[in-house]
Protein chains: 2
Amino acid sequence: MFSIGQLSSQAQVKVPTIRYYEDIGLIDPPHRSEGNQRRYEPDALSRLTFIRHARDLGLSIDAIKDLIVLNANPDMPCKEAHVIANQHLKDLQRKITQLQQLSVELTRITQNCNSDTVGHCKVLEALGDHSSCKTDH
Amino acid sequence: MFSIGQLSSQAQVKVPTIRYYEDIGLIDPPHRSEGNQRRYEPDALSRLTFIRHARDLGLSIDAIKDLIVLNANPDMPCKEAHVIANQHLKDLQRKITQLQQLSVELTRITQNCNSDTVGHCKVLEALGDHSSCKTDH
DNA sequence: GTAATTGCTCTAGTCACTAGAGGTTCAAGT
DNA sequence: ACTTGAACCTCTAGTGACTAGAGCAATTAC
C-alpha cells in the first residue's frame with residue numbers, strides 16, 4: 001500500500017500528475033483511507049512506470065491509452081503495439097530531420113554576421129528574409 | 001493597404017493567428033476601415049514575415065519579442081540578438097541529441113519482439129521496464 | 001498532544017494557437 | 001442601386017500535458 005507521495009517518488013511521477021492521470025482515466029481510481037487519502041496497490045506502480053517510460057519516449061497520452069488496453073489482454077495479437085511504436089518512430093525521425101535542418105540554418109545565420117550594431121546585423125536580416133535559407137521549413 | 005486576409009496569404013500566417021499576435025502585443029494594432037476592418041501598411045508584412053520565419057526556426061514568442069525590440073533600434077549593439085540565437089541553437093542541439101537517443105531506444109524495442117501475442121510482446125515489456133534501456137531519458 | 005508534513009479538492013494558468021457562434025462589412029456582378 | 005456571398009468582426013472556449021496556488025483536512029513523528 002502506497003500513499004500518493006510514496007507512489008510519486010517510486011515512479012518518478014509528480015503527485016499532481018498522478019491525480020491528473022486519474023482524472024483523465026489513464027490510471028484507475030485507487031481505494032481511499034478512512035480520511036479519504038489515496039492508497040495504491042503495487043500494480044499501480046507498474047502501471048505508472050509503464051506510462052512514465054512511454055511518456056519519456058515521447059508517446060502521446062492517447063497512444064499510451066491504446067497500449068494500456070493492449071497490455072490488459074495478453075492473448076491479443078501485439079501487431080497493434082508495433083504499429084503504434086513504429087508510427088511514433090516515424091514521427092520521431094521526421095522531427096529529428098527537421099530540427100537538424102533548422103540547426104544548420106540557424107548556425108549559418110549566426111556565423112554570418114560581422115556587424116556590431118543591429119543596423120547591419122545579419123542575424124536579424126536573415127530572420128526577416130526566408131529567401132536566404134537553403135532549406136524549407 | 002492590405003486586408004487581414006491579404007496579409008495572411010502574403011505572409012503565410014493564418015488570420016486568427018494574426019489577430020492573436022495583435023492581442024499579445026507582438027504586432028501593432030493597424031488602422032481600421034470605416035466598417036471597423038483591419039487595414040495594414042506594407043511594413044506589417046515585413047514584421048509578420050520576420051515573426052513567421054523566427055517561429056518556423058522554433059524561437060519562442062518571448063524571444064521574438066526581444067528581437068523585435070532590437071530590430072527597432074538599428075544603433076544598438078546586436079550582440080544580444082546573437083545571444084538569443086545562440087541560446088536557441090544550443091536548445092535545438094540538445095533536443096536533437098535527446099530525440100536521437102529515443103529513436104535508437106525505440107528502434108531497439110520494436111526490433112526485439114518475435115511474439116505474435118501481447119502476452120510475450122517485447123515492445124510492451126520494454127515500455128514497462130526502463131532497466132532494459134541503454135540510455136537515460 | 002502538538003507540530004510538521006503530506007494529503008485533499010477546486011480553480012486557474014501555461015504555450016501558441018485553433019474552432020465555433022453569431023453577427024457585420026465589403027466587393028463583384030447584375 | 002441591389003443582391004449575393006465571401007471575408008470580416010468579437011467573444012468564448014478548447015487543445016495537450018501538465019503546473020501552481022488557495023484553503024483546508026489527515027497523517028506521522030516526536
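Remember, predicted model here, so these are calculated numbers, not experimental data. Within every chain, numbering begins at 1; the chains are lettered A, B, ... in the order of the sequence lines, protein sequences first and strands thereafter.
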Phosphate contact (C:dA16 OP1 or OP2) by B:Tyr21 side-chain N/O below 4.0 Å: no

Distance, rounded to the nearest Å, where A:Ile27 contributes CD1 and D:dA17 contributes P: 15 Å

Any donor-acceptor N/O pair, B:Thr17 side chain to B:Val13 backbone, under 3.5 Å: no

Out of C:dA16, C:dT9, D:dC8, whichever nucleotide has its closest atom nearest the side chain of A:Arg32: C:dT9

Sugar-phosphate only, base, or nothing, as touched by A:Ile24 at under 4.0 Å among non-hydrogen atoms: nothing

Candidates C:dC17, D:dA17, D:dC8 - which lies nearest the side chain of B:Ser3: D:dC8

side-chain contact (heavy atoms from CB on, under 4.5 Å) evaluation trace for B:Arg38 with B:Ser3: CA-CA 6 Å; B:Arg38 291 170 178 80; B:Ser3 71; over 6 Å; no

Nucleotide C:dA27, atom P - distance to CZ of B:Arg39 in whole Å: 6 Å

Interatomic distance, B:Leu26 CG vs C:dC17 C1' [rounded to whole Å]: 13 Å

5'-most by nearest nucleotide on DNA chain D - A:Glu34 or A:Pro16: A:Pro16

B:Leu67-B:Ile24 co-clustered via ILVMFWY side chain contacts under 4.5 Å: yes

Atom pair distance, as rounded to whole Å: CZ in B:Arg38 and P in C:dC26: 14 Å

Short side-chain to backbone donor-acceptor contact, B:Ser8 and B:Ile4, under 3.5 Å: no

Rounded interatomic separation in angstrom, taking CD from B:Glu22 and P from D:dC8: 14 Å

Short side-chain N/O contact to C:dC15 OP1/OP2 from B:Ser60, under 4.0 Å: no

Phosphate OP1/OP2 of D:dT19: any A:Thr17 side-chain N/O under 4.0 Å: yes

A:Tyr20 vs D:dG16: side-chain N/O to OP1/OP2 distance below 4.0 Å: no

Closest-nucleotide 5' rank along DNA chain C - winner of A:Arg19 and B:Lys14: A:Arg19

Lys/Arg N to Asp/Glu carboxylate O, B:Arg52 vs B:Asp56, below 4.0 Å: yes

Whole-Å distance separating the CD atom of B:Gln37 from the P atom of D:dA7: 12 Å

Whole-Å gap separating P (C:dT25) and CE (B:Met1): 18 Å

Residue closer to the 5' end of DNA chain C, B:Ile61 versus A:Asn36 (nearest nucleotide): A:Asn36

Interatomic distance, A:Arg52 CZ vs D:dA17 C1' [rounded to whole Å]: 15 Å

